[in-house]
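Accompanying notes for the structure given below.
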Protein chains: 2
Amino acid sequence: MTQTTPTPPTDEIRVAVSAVIFSVRGLSESACPVLALPLVRRTRDPFEGRWALPGGWLNAAENLDAAASRTLEETTALAPTYLEQLYAFGAVDRSPTRVVSVVYWALLRSDEVDAQVAAHAAAGDAPENVEWFAASELPALAFDHNEIVDYALWRLRNKVGYSRIANGLLPEQFTLADLREVTEAILGRRLDPANFRRQVENSNTLIPTDRFRTGNHRPARLYRYNRDVELAERGPLIAPR
Amino acid sequence: MTQTTPTPPTDEIRVAVSAVIFSVRGLSESACPVLALPLVRRTRDPFEGRWALPGGWLNAAENLDAAASRTLEETTALAPTYLEQLYAFGAVDRSPTRVVSVVYWALLRSDEVDAQVAAHAAAGDAPENVEWFAASELPALAFDHNEIVDYALWRLRNKVGYSRIANGLLPEQFTLADLREVTEAILGRRLDPANFRRQVENSNTLIPTDRFRTGNHRPARLYRYNRDVELAERGPLIAPR
DNA sequence: GCAAAAGTGTTCTCGATACACCCATGT
DNA sequence: ACATGGGTGTATCGAGAACACTTTTGC
């Protein structure tokens, strides 16, 4: 930003924005929910045919956050419940041409994704080049995108530990078991239901409703997210959008 | 990174790299040490005369990390003990022209900085446009650099809490009181010497030497940094350089 | 001897964990 | 009735904070 060089030689450097979009597939089914993310099949030369993170070029009149949202919207047609910058990747050899990628990571509500995917399947207009993959079973991706996903996973797991962010993956109303199972899917280990309940209750991030989900067993209380909390953990940076 | 646009319209976007460089001034003096950082006075139009973070344009054949190191070297002629990417700032209106700044933050050993500054003062070749400021008494900076420094301070304070990073500001050998005073300067509050000692000892980041610093009171043991630890806290990203 | 910092020991509290136990529902 | 998950109670452990106390130096 200090412009020491009179004629900046940056013509050959382009800025891209990508996103690691997390959601949960197979919630409320018998099996365990699985952390998943959408990938885009490349249709042009560098790594043609390989899967890659959704992304695009940064427009000159577009904020970084807006570009990340646009990328996300173009891929999933959905609004994220959480969006945060991950890292700027800028190694010279990460692409045949010089590209600096500012990567974001996001959380999507599972019900919206499920509905979207089901609607596309029914209408037969599923975007041909977008596919959801389980985060634990990714193929070899284009560019350095495998490393990027690894880093995003690390951040997500970290954040799930000290913050109550997992509800960003759940519908408007959900049970504590839902929230616990999603957290378990992220962390990759089982959690004590009793202790999990108390930790969540003490965090004041959830508001109990008077509705219950009935099923095979004792009905479970439904909770909803408390929007007054979420912030204050990201420091003095303004929330995106 | 997915190059959906055939002809990317990125010609007007330039990539800059800046650095928030922290060091400690006034260590081993009677008063409390003060967290300080170098600023550069702008000599051209946007915000001419105002102080700004050291930085420069990213070269086409240069990694982001390398550009940060270069920036740092040009400002201080010193090698950092710690260097980490802070954030990519890319709001459209943060500069008259469209600039995406990838900002790093770094720690410098206080003794090296003191020696450097003293040498320049003696030789009379002090760089006219670089000056060290106390982090708590910054003037109004160019661009969005005040916000950037605030965010870097937040990250530094955070990291000091859960990691043993403060020794990156200290000379090769130092006492526990040195380390505690630096930590106090960063956090802005006093710490219990007894508890601080135990926390540091249990963290295994320090190696006791058999040397002592003698002074007005009981001699204090000198410690040095244990280089085997430091990493593993930054996730799967490779260390810079 | 005294002041002051270096360094040690002890206690208390709080949060996380483990786990025993009761509750409510469908079958 | 009983299996199963929902939900509560309780003992234990460890890290951190508070603070009393001993040690070692310069003056």
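Here is how names work: the chains are called A, B, and so on, in the same order as the sequence lines, proteins then strands, and each is numbered from 1. Values below: all heavy atoms of this structure, side chains included; hydrogens, waters and symmetry mates excluded.
Counting any heavy atom pair closer than 4.0 Å across all strands shown, B:A194 reaches a base atom.
Between the CZ atom of A:R190 and the P atom of C:dA18 there is a distance of 14 Å, rounded to whole Å. Going from atom CZ of B:R197 over to atom P of D:dC21 covers 20 Å, rounded to whole Å. Rounded to whole angstrom, the span from the CD atom of A:Q199 across to the P atom of D:dT8 amounts to 15 Å. Rounding to whole angstrom units, CZ of residue B:F212 and P of C:dA5 are separated by 18 Å. Put simply, CG on B:D192 is 12 Å from C1' on C:dT8, counting in whole angstrom units. For the pair B:R180 CZ and C:dG7 P, the interatomic distance rounds to 11 Å; values are reported in whole Å. Following rounding to the nearest Å, B:H217 (NE2) and C:dG7 (P) show an atom-to-atom distance of 13 Å. Atom-to-atom, CG of B:L176 to C1' of D:dT23 comes out at 16 Å; the value is rounded to the nearest Å.
A donor-acceptor contact under 3.5 angstrom links the side-chain atoms of B:N195 to the base of D:dA18. Judged by atom type and distance alone, A:R198 reaches the base of D:dG9 through a side-chain donor-acceptor pair under 3.5 Å. Side chain B:N216 to base C:dA3: no donor-acceptor pair is found below 3.5 Å.
With rounding to the nearest 0.5 Å, the separation of CG in B:L138 from NE2 in B:H145 is 12.5 Å.
Shown are A:R198, A:Q199, A:R197; of these, the side-chain hydrogen bond (donor to acceptor under 3.5 Å, both in side chains) with A:N195 is made only by A:R198. The one candidate from A:L64, A:T71, A:L72 that meets the side chain to side chain contact (heavy atoms under 4.5 Å, CB included) condition with A:Y104 is A:L64.
Within the structure, every side-chain polar atom (N or O) of B:R221 is placed at least 4.0 Å from both OP1 and OP2 of C:dA6. Close to D:dG5, at under 4.0 Å from its OP1 or OP2, lies no side-chain N or O of A:R218.
A donor-acceptor contact shorter than 3.5 Å links the side chain of B:R155 to the backbone of B:L86.
The aromatic rings of B:W51 and B:F133 stand perpendicular to each other, their planes meeting at an angle above 60°, with 30° marking the opposite boundary.
Toward the 5' end of DNA chain C, the nearer of the two residues A:R189 and A:P219, judged by each one's closest nucleotide, is A:R189.
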